[in-house]
2 protein chains.
Amino acid sequence: MYAEPLYAQQIANIAPAPAVFPPHIGTGDDLPLDVGQVMHFARGEEIFGQGERADCLYKVVSGWVRSYRILRDGRRQIEGFHLAGEYFGIETDDSHHCSAEALGPATVLVVRRSVLNELATRRGNIATTLFRLAMQGLQRSREHIAMLSHKSACERVAGFLLDMAERADAVKALDLPMSRQDIADYLSLTIETVSRTLSQLQADGLIDIPRSRNIVLRDRLALEDMCE
Amino acid sequence: MYAEPLYAQQIANIAPAPAVFPPHIGTGDDLPLDVGQVMHFARGEEIFGQGERADCLYKVVSGWVRSYRILRDGRRQIEGFHLAGEYFGIETDDSHHCSAEALGPATVLVVRRSVLNELATRRGNIATTLFRLAMQGLQRSREHIAMLSHKSACERVAGFLLDMAERADAVKALDLPMSRQDIADYLSLTIETVSRTLSQLQADGLIDIPRSRNIVLRDRLALEDMCE
DNA sequence: CGTCGGGTTGAACTGCATCAATATAGGTGG
DNA sequence: CCACCTATATTGATGCAGTTCAACCCGACG
């Protein structure tokens, strides 16, 4: 038995809200942990699959998650990496347009749309939150387009490292939970190019790579310049 | 004097709606012409500019519109072309992230957010419509990413022609209102590559180019295969 | 110690960008 | 109507960034 599809008319069905918008005001509202079920996923385990009915919304509690799409030609496009506090699995319609997997052991808050729906009728700011989350996805997509449309391999990799460092709150040492293949599929490069570019950045003294998934940002400014 | 920013809490502020979602059902609801002002723009005229306050929503009545962004390095990224019946200028926050210009003479319905806001409190399906429109933008962005992430110049151009033909309801003869530079900036190619690719498609008998902006699709199936 | 998955490095190729020249179409004024 | 001008578009020649194919390396784990 499935929940009703959420969003449009769900958001349309809610009572007048305290109205805190535009988002830059920072409402701070968030989904409480008790609205859903906290689930654990093992490394590589699928959280949901492309095409499956989308009757839940997800939030990373701990660990990392990747969401990706298999394109018609069989290539994998990684749409994004999600870490603690970030939401994923928000859909336009009633089925998932991408799959999501745990990069490593991860705990995820799973919220049924039906529950959200009910909640939203009582607390309008939840609808606001949902809308904002959906719009954040749009924002990220636009940045992805800007990246793909004109950035070189070097700019992509440098930008990726900075983005990861910022989101993981890493000042210098950065532990990447994803493989080179994951990075390549996210940046739309080949695994070889990613590897070569990282080696080059190391040779230039911008980063250090003590172990393959452990990267130290030696010259953050230079990396930032590189991304323009 | 400016209107209130719309969207999130506006959508949150509306009364229960007839609830026809998901969108594939096709609600057919739409903004009536009398909710806004119909304005005329000359070829190349700016409708709104990147960074300007976004207090209106736009719908093409006749003609074509391009929306684009100037990136930090000065390059122009065309986000999309809009034709009669299509909406544009829907924003995440309260300022426009892109500019919009009329490709040729165009009439555009301009709806103030404040008016929409008022309207939405009375007719919930307007909020549904707005949300759907915003989500369509997300959908299109994802397709753009898929295109940029792995398609060759040839696939991009072929896909572009088919897309344009479909949206303009052109069975065979297709009148493109945009320049080669526009196409290039949309597909993230150079003007030379676009031109060369079109010439190649013509040489292969897939299309015919009687005049540069007039293209005849001779072998639609082959073009479709190409995009796969 | 061997094996296996993930990562790195090398060499050759290629598709698109770049630079440069030429062609064509619209528009304007004589 | 033609001559001219500027925009836009096409075509050619060359270079290079990133892909592809292939070999090798390294660390984890039996």
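Remember, predicted model here, so these are calculated numbers, not experimental data. Below, chains carry the letters A, B, ... as their sequence lines are ordered, and counting in each starts from 1.
Looking only at side-chain heavy atoms (C-beta outward), A:Leu189 and A:Ile183 stay at 4.5 Å or farther from each other. The shortest distance between side-chain heavy atoms of B:Tyr87 and B:Tyr58 does not fall below 4.5 Å.
A donor N or O paired with an acceptor N or O is found under 3.5 Å between the base of D:dG12 and the side-chain atoms of B:Arg196. For B:Glu192 and C:dC19, a side-chain-to-base donor-acceptor distance below 3.5 Å is present, hydrogens and geometry of angles not being considered. Remark: the B:Arg213 side chain and the D:dT10 base include no donor-acceptor N/O pair separated by less than 3.5 Å.
At a threshold of 4.0 Å, the pair A:Arg43-A:Glu101 does not count as salt-bridged, since none of the basic side-chain nitrogens sits closer than that to a carboxylate oxygen. B:Arg112 and B:Asp55 are joined by a salt bridge, as a carboxylate oxygen and a charged side-chain nitrogen come within less than 4.0 angstrom of each other.
When each of B:Ser195 and A:Ser188 is assigned the nucleotide of DNA chain D bearing its nearest heavy atom, the one mapping closer to the 5' terminus is B:Ser195. If you find the closest nucleotide of DNA chain D to A:Ser152 and to B:Ser179, the one lying nearer the 5' end belongs to B:Ser179.
Between A:Arg156 atom CZ and D:dT19 atom C1' there is a gap of 13 Å when expressed in whole angstrom units. The distance from atom CD1 of A:Ile209 to atom P of C:dT9 is 8 Å, rounded to the nearest whole Å. Between the C1' atom of D:dT10 and the CD atom of B:Gln202 lies a distance of 11 Å, rounded to the nearest Å. Regarding A:Ile191, its CD1 atom lies at a distance of 13 Å from the P atom of D:dT20, rounded to whole Å. Look at CG on B:Leu198: it is 13 Å from P on C:dC16, rounded to the nearest Å. Taking atom CZ of residue A:Arg75 and atom C1' of nucleotide D:dT20, one finds them 12 Å apart after rounding to whole Å. The NE2-P distance, from A:His150 to C:dC16, rounds to 19 Å in whole Å. Atom CG of B:Asn214 is separated from atom P of C:dT24 by 18 Å (rounded to the nearest Å).
Between the side chains of B:His96 and B:Glu91, a donor-acceptor pair is found at a separation under 3.5 Å.
Applying the 4.0 Å criterion to OP1 and OP2 of D:dG27, one finds that A:Arg211 has every side-chain N and O outside that range. Between A:Ser212 and D:dG27, a side-chain N or O to OP1/OP2 separation shorter than 4.0 Å is absent. OP1 or OP2 of C:dT8 sits under 4.0 Å from a side-chain N or O of A:Arg180.
The only member of B:Phe88, B:Tyr68, B:Trp64 that meets ring-ring contact (aromatic ring centres under 6.0 Å, His included) when paired with B:His82 is B:Phe88.
Among the heavy atoms of the strands lying under 4.0 Å from B:Thr190 is at least one base atom, whether or not backbone atoms are also near.
An anti base is found at D:dA22: its glycosidic angle is more than 90° from 0.
Between D:dT10, D:dG12, D:dT19, one nucleotide has an atom nearer to the side chain of A:Leu189 than all others, and that is D:dT19.
Remark: D:dA7 base-pairs with no nucleotide; criterion is Watson-Crick or G-U wobble with both hydrogen-bond distances under 3.5 Å. Using the Watson-Crick or G-U wobble rule with both distances under 3.5 Å, C:dT24 pairs with nothing in any strand shown.
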